[in-house]
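Proteins get letters first, then strands, A, B, ... in listed order; numbering begins at 1 in each. Treat the numbers as computed from the prediction; the structure is a model and nothing was measured.
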Number of protein chains: 2
Amino acid sequence: MKEAFKALADPTRRKILDLLKGKDLTAGEIADQFDMSKPSISQHLKILKAADLIEAEKQGQYISYHLNTTVFQELISWAMSFTKGDDTNA
Amino acid sequence: MKEAFKALADPTRRKILDLLKGKDLTAGEIADQFDMSKPSISQHLKILKAADLIEAEKQGQYISYHLNTTVFQELISWAMSFTKGDDTNA
DNA sequence: TAAGTATTTAAGTAATTAACTAAATAATAA
DNA sequence: TTATTATTTAGTTAATTACTTAAATACTTA
């Protein structure tokens with residue numbers, strides 16, 4: 001989760017996650033949505049992958065990215081522990 | 001939420017939030033839990049407050065801090081939108 | 001009012017981050 | 001094999017962040 005919190009701090013990376021909602025996209029398709037160089041987006045993808053928020057799948061000369069929901073679920077549990085008399089994460 | 005994501009990226013700030021689970025604490029009581037200068041903790045508290053994750057209440061010469069759960073709830077909704085065929089935040 | 005305690009603000013610095021361009025790798029197509 | 005396309009890695013730089021110490025502010029008590 002430590003990595004995920006840092007990964008989520010950046011607005012470009014959060015927008016990438018939004019783009020991946022519902023549909024998988026290649027690195028290039030993702031980069032096309034930003035006014036930023038492809039290497040910069042590649043770096044962001046690397047950070048999101050290291051945080052286990054996304055997964056990559058090589059398809060020929062393309063690399064397809066998709067969401068990995070497990071860390072989002074952990075995040076929900078974490079946040080819920082602050083909303084009640086819950087001491088799950090104590 | 002933008003501010004909250006950045007605030008949550010730092011482990012010291014996440015630990016402060018954990019300390020505030022269940023009980024309110026003064027700035028000094030919080031600082032005592034860390035091997036770090038009081039001004040540094042004060043800065044972290046300022047960032048958490050700016051992100052609406054905590055609220056401050058002046059009590060005489062002390063300042064008492066407590067959690068504000070609203071942003072945590074927003075965070076839960078946000079994270080949930082990634083876990084299903086949900087397009088709430090689309 | 002003067003002294004002490006609690007906390008913040010200010011100013012400076014070292015480490016980290018996010019961007020860039022150029023070069024490398026990998027797959028496909030001619 | 002050579003060229004083209006897709007993507008990443010490497011190296012550099014500017015901006016941001018997280019700390020520090022010193023000074024300022026605010027309240028309490030003698």
Whole Å only: how far is the CD1 atom of A/Ile47 from the C1' atom of C/dA18? 8 Å

Mind checking whether B/Leu53 and B/Leu67 have side chains closer than 4.5 Å, heavy atoms only? no

Give the intermediate values and the outcome of ring pair (Phe, Tyr, Trp, His ring centres under 6.0 Å) for residues B/Trp78 and B/Phe72. CA-CA 10 Å; B/Trp78 178 86; B/Phe72 289 100; over 10 Å; no

Verify the contact: side-chain N or O of B/Thr26 to OP1 or OP2 of C/dT7, cut-off strictly under 4.0 Å; return yes or no. yes

Hey, does A/Leu75 have a side-chain heavy atom less than 4.5 Å from the side chain of A/Phe5? yes

How many whole angstroms separate atom CG of A/Leu45 from atom C1' of D/dT9? 14 Å

Nearest whole angstrom, please: distance from the C1' of C/dT7 to the CD of B/Glu57. 16 Å

Spacing between B/Ile41 atom CD1 and C/dA6 atom C1', to the nearest angstrom: 15 Å

Report, one pair per line, the protein and nucleotides 13-17 of chain D atoms (nitrogen or oxygen only) whose separation is under 3.5 Å.
from   : atom 1 : to     : atom 2 : distance (Å)
D/dT17 : OP1    : B/Lys6 : NZ     : 2.5

Rounded to the nearest 0.5 angstrom, the NZ-OG distance for A/Lys23 and A/Ser64 is 12.0 Å

Kindly indicate whether the side chain of B/Asp10, heavy atoms from C-beta on, has any atom under 4.5 Å from the side chain of B/Arg14. no

Listing, residues 29-48 of chain A side-chain donor-acceptor contacts under 3.5 Å, not counting sequence neighbours, or none:
from    : atom 1 : to      : atom 2 : distance (Å)
A/Glu29 : OE1    : A/Thr26 : N      : 2.9
A/Ser37 : OG     : A/Ser40 : N      : 3.3
A/Ser37 : OG     : A/Ser40 : OG     : 3.0
A/His44 : ND1    : A/Arg13 : NH1    : 3.1

In B/S/- notation (B base, S sugar-phosphate only, - none; protein heavy atoms under 4.0 Å), nucleotides 20-30 of chain D written 5' to 3' is BBB---SBS--

Are OP1 or OP2 of D/dT8 and a side-chain N or O of A/Tyr65 less than 4.0 angstrom apart? yes

Closer than 4.0 angstrom, basic N to acidic O: yes or no for A/Asp18 and A/Lys15? no

Please list, chain by chain and in numerical order, all residues satisfying side chain to side chain contact (heavy atoms under 4.5 Å, CB included) with A/Ala50, sequence neighbours excluded. none

Once you round it to whole Å, what is the distance between P of D/dT7 and NZ of A/Lys49? 13 Å

Taking NZ in A/Lys2 as the centre, count heavy atoms belonging to other residues, nucleotides or ligands within less than 6.0 Å. Is the count above 12? no

Please report, rounded to the nearest Å, how far the P atom of C/dT16 is from the NE2 atom of A/His44. 18 Å

For residues 27-34 of chain A, which residues have at least one heavy atom under 4.0 Å from DNA chain D? A/Ala27, A/Gly28

Could you give all pairs that pass the salt bridge (charged side-chain N to carboxylate O under 4.0 Å, His left out) test and reach residues 47-58 of chain A, with sequence neighbours left out? none

Between D/dT7 atom C1' and A/Ile16 atom CD1, what is the distance in whole Å? 14 Å

Hey, does B/Phe82 have a side-chain heavy atom less than 4.5 Å from the side chain of A/Leu20? no

Just to confirm, is there a sub-4.0 Å distance from OP1 or OP2 of D/dA18 to any side-chain nitrogen or oxygen of B/Thr12? no

